[in-house]
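Basis for what follows: all heavy atoms, side chains included, without hydrogens, waters or symmetry-related copies. These figures come from a predicted structure and were not determined experimentally. Residue numbers start at 1 and run along the sequence shown.
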Amino acid sequence: MKLTYRGVNYEYDIPTVDMIEGEVAGKYRGQNWNYRYPRHIPVSQKSGGTNYTTKRDSQAGDRDTAAASTAAAVESYPTVVEVAQVHRANICNILDRRTQAAKANGDERLLRLLEIEWRQMVC
């Protein structure tokens, strides 16, 4: 596509993204419209909090196997304790950087305040 901006001509090629169709999201003027996902992003296989299966008449053993494989594929999220540990470590790192900056600037008042905060955080 040829474009011009303030007298400068340039060629712009719109990047193409390979898309895949997802489930039906709703209707607009009588036509179904689907979610579209870039091909590199995995499509969610959950619907309403339960595992989605395409075969409704499958046996119970097949459902258990499918549920186990889907559960294994889902990433595990960090626990509250792990997040709290990372948060505390980040705060301690920030306090350390602020202390170094205060020492470099010779700000004794800020150093005292940061030492109090350091003791409160038990870094």
Side-chain angles (χ1 to χ4, degrees):
M1 176 184 336
K2 290 186 178 184
L3 299 173
T4 301
Y5 180 72
R6 293 188 177 188
V8 177
N9 295 324
Y10 63 96
E11 188 74 26
Y12 178 69
D13 293 325
I14 299 173
T16 58
V17 177
D18 194 19
M19 302 293 279
I20 57 174
E21 293 287 326
E23 66 274 3
V24 175
K27 284 192 172 207
Y28 180 72
R29 293 189 177 185
Q31 298 291 322
N32 288 338
W33 62 275
N34 299 354
Y35 287 116
R36 296 181 66 200
Y37 302 99
R39 188 164 299 278
H40 67 280
I41 296 176
V43 178
S44 173
Q45 293 297 316
K46 289 196 169 201
S47 175
T50 59
N51 288 336
Y52 177 80
T53 58
T54 55
K55 294 182 183 178
R56 296 196 183 263
D57 59 344
S58 62
Q59 298 175 354
D62 292 339
R63 287 187 196 138
D64 293 340
T65 306
S69 65
T70 303
V74 174
E75 284 186 31
S76 63
Y77 293 103
T79 63
V80 174
V81 173
E82 292 170 341
V83 171
Q85 288 173 347
V86 171
H87 183 64
R88 181 175 289 279
N90 287 338
I91 290 175
C92 290
N93 289 339
I94 291 169
L95 275 174
D96 188 39
R97 282 195 305 261
R98 290 176 66 199
T99 303
Q100 290 173 2
K103 285 179 184 176
N105 292 336
D107 192 347
E108 294 296 325
R109 181 175 173 268
L110 181 58
L111 274 172
R112 284 192 302 269
L113 292 172
L114 289 173
E115 287 173 8
I116 293 169
E117 190 173 350
W118 188 271
R119 280 185 247 124
Q120 289 174 349
M121 286 298 301
V122 189
C123 290

Shortest non-hydrogen pair, Asp96 vs Trp118, comes out as N-CZ3, 3.8 Å
Here the gap from Leu114 atom CG to Arg119 atom CZ, rounded to the nearest 0.5 Å, amounts to 11.0 Å
Taking every heavy atom of Tyr5 against every heavy atom of Tyr10, the minimum-distance pair comes out as CB-CE2, 4.1 Å
Compare all side-chain heavy atoms of Arg109 with those of Arg112 and state whether any distance is below 4.5 angstrom.
yes
OG1 of Thr99 to CG of Leu113, rounded to nearest 0.5 Å, is 10.5 Å
- Query: With the 4.5 Å side-chain cut-off for hydrophobic clustering, are Val86 and Leu95 part of the same group?
  - Reply: no
### Message
Determine whether Leu111 and Lys103 satisfy the following criterion, side-chain contact (heavy atoms from CB on, under 4.5 Å), listing intermediate values before the conclusion.
### Response
CA-CA 7 Å; Leu111 274 172; Lys103 285 179 184 176; 3.7 Å; yes
